[in-house]
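Single-structure report; data block below.
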2 protein chains.
Amino acid sequence: MSFDVGGRLKEIRASAGLSQRELAARSGVTHSLISLIEQNRNSPSVASLRKILDGIPMSMVNFFDEERVPRGKVFFEAGDLLDLTSRLHQVSGGSGEGRMSFRQVGDAKAHNLQILHESYEPGADTGVTMLKHDSHEGGVVLSGELEITVGDQIKILGPGDAYLFDSRTPHRFRNIGAARCEVVSACTPPYL
Amino acid sequence: MSFDVGGRLKEIRASAGLSQRELAARSGVTHSLISLIEQNRNSPSVASLRKILDGIPMSMVNFFDEERVPRGKVFFEAGDLLDLTSRLHQVSGGSGEGRMSFRQVGDAKAHNLQILHESYEPGADTGVTMLKHDSHEGGVVLSGELEITVGDQIKILGPGDAYLFDSRTPHRFRNIGAARCEVVSACTPPYL
DNA sequence: TTGCGCTGTTAAATATTCTGAGCAATGCTA
DNA sequence: TAGCATTGCTCAGAATATTTAACAGCGCAA
């Protein structure tokens with residue numbers, strides 16, 4: 001953890017070719033603030049950081065993007081996983097009921113391998129509109145129960161059970177149990 | 001601009017099924033702080049926000065990700081463009097000399113169209129190792145001069161000049177002039 | 001050398017965030 | 001109804017971020 005905010009700011013300010021005072025003028029903050037932040041002597045408020053980034057200009061996402069997958073990173077704490085939930089909701093059109101989350105390990109593109117830690121609350125459902133994409137995927141159920149539909153096959157998997165199939169076959173995941181269901185899965189590119 | 005930090009926190013806390021007090025306990029901050037932030041009555045420090053997100057858990061990038069392309073967004077201010085420069089440097093292996101920047105308009109994937117605002121400082125070069133990818137790309141030079149190599153053709157373009165080619169043909173961009181060169185380009189998927 | 005303009009840093013004053021304790025409202029059980 | 005456990009909100013004071021103003025170092029020109 002503990003991403004180096006000060007170092008990051010210094011880095012992007014340098015690559016923008018700006019002095020602390022120049023950036024301060026553009027941003028509407030004082031140069032001392034920038035100095036203190038770059039030395040990690042204080043932790044800027046989101047409001048201040050945004051002002052400063054607007055002077056570069058750079059988005060918040062891009063500022064913290066380095067933090068997402070620090071090049072060559074091998075180990076990831078729980079908080080480091082990238083939450084894809086909202087994106088998948090856009091894709092499935094919100095037809096899926098119940099809460100579920102999909103959190104990705106590292107940079108899938110860079111490694112040509114997407115590994116997800118998935119969680120399905122009771123009732124969670126990827127939706128009647130079956131999923132289809134040009135990949136292969138598999139996984140292992142850790143806890144709870146998950147009903148998986150692949151083509152014309154339906155199976156309920158419990159802890160220790162696993163699956164592996166061609167993602168071009170229409171598929172669907174549903175937690176029909178009373179407990180949360182957790183799964184670790186993998187997928188070959190393209191991911192969707 | 002002005003992304004709703006409070007609303008966003010409220011939203012993700014709700015979808016995690018946590019009360020202010022529960023999240024506070026996990027995060028190591030007080031529930032009052034979470035209350036104040038959610039009402040946008042203060043702008044949390046980066047340190048505080050990170051603590052709170054660790055209790056979800058969620059990464060900074062993902063927290064601000066919604067800000068990147070607010071669904072259905074049509075207009076983008078300069079600061080809204082997504083800076084891809086660092087990613088491209090990883091790709092080209094840093095062989096390119098001189099500074100250049102590539103800033104993307106909106107969500108290329110969602111629209112199947114990548115539009116970039118590119119900037120090449122004098123001497124900037126995409127590198128001797130020619131670029132190749134499975135797309136088509138084109139663009140218009142706004143200012144300065146740019147030497148473009150496509151296959152065995154070499155051409156120097158100035159303001160108003162344009163290009164369009166199959167990206168599978170090895171290509172390279174170089175600013176051999178004395179002034180900064182700006183280009184607006186477009187690319188079909190996949191982008192790299 | 002002196003002086004100017006720039007760089008980044010620092011101390012003290014000010015403004016803001018953050019904490020800790022308490023409040024009101026809701027829902028549930030007896 | 002009372003009693004208890006939730007929920008989220010408020011406010012005074014402690015802790016921290018931010019500003020203001022000044023300092024020290026460097027390069028360059030007179």
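This one's a predicted model, so the numbers in the text were calculated from it and none came from an experiment. Letters go in sequence order (proteins before strands), and every chain restarts at 1.
- Taking only side-chain atoms of A/Gln39, from C-beta outward, the nucleotide of C/dC18, C/dT10, C/dT17 with the closest atom is C/dT10.
- The distance between atom CD of A/Gln20 and atom P of D/dT20, rounded to the nearest whole Å, is 17 Å.
- Rounded to an integer number of Å, the gap from CG of B/Leu23 to P of D/dG8 is 10 Å.
- Residue contacts shown for B/Glu38 are absent, as no nucleic acid heavy atom lies under 4.0 Å away.
- Between B/Leu36 and B/Arg21, the residue anchored nearer the 5' end of DNA chain C, judged by the nucleotide with its closest heavy atom, is B/Leu36.
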**Message:** Under the criterion side-chain contact (heavy atoms from CB on, under 4.5 Å), I'd like the reasoning laid out for B/Val46 against B/Met60: C-alpha separation, chi angles, the key distance, then a yes or no.
**Reply:** CA-CA 9 Å; B/Val46 169; B/Met60 280 285 185; 3.9 Å; yes
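- Straight-line distance from the CG atom of B/Leu33 to the P atom of D/dG8: 14 Å, rounded to whole Å.
- Listed for the A/Arg180 side chain is no donor-acceptor partner under 3.5 Å among the backbone atoms of A/Ser119.
- Residues B/His31 and B/Pro44 both approach DNA chain C. Their nearest nucleotides, taken by heavy-atom distance, put B/Pro44 toward the 5′ side.
- There is no path of hydrophobic side-chain contacts, each under 4.5 Å, that joins A/Val29 to A/Leu36.
- With a 4.5 Å cut-off on side-chain heavy atoms, B/Phe173 and B/Leu157 do not count as touching.
- The interatomic distance linking B/Ile37 (CD1) with C/dC18 (C1') rounds to 9 Å, in whole Å.
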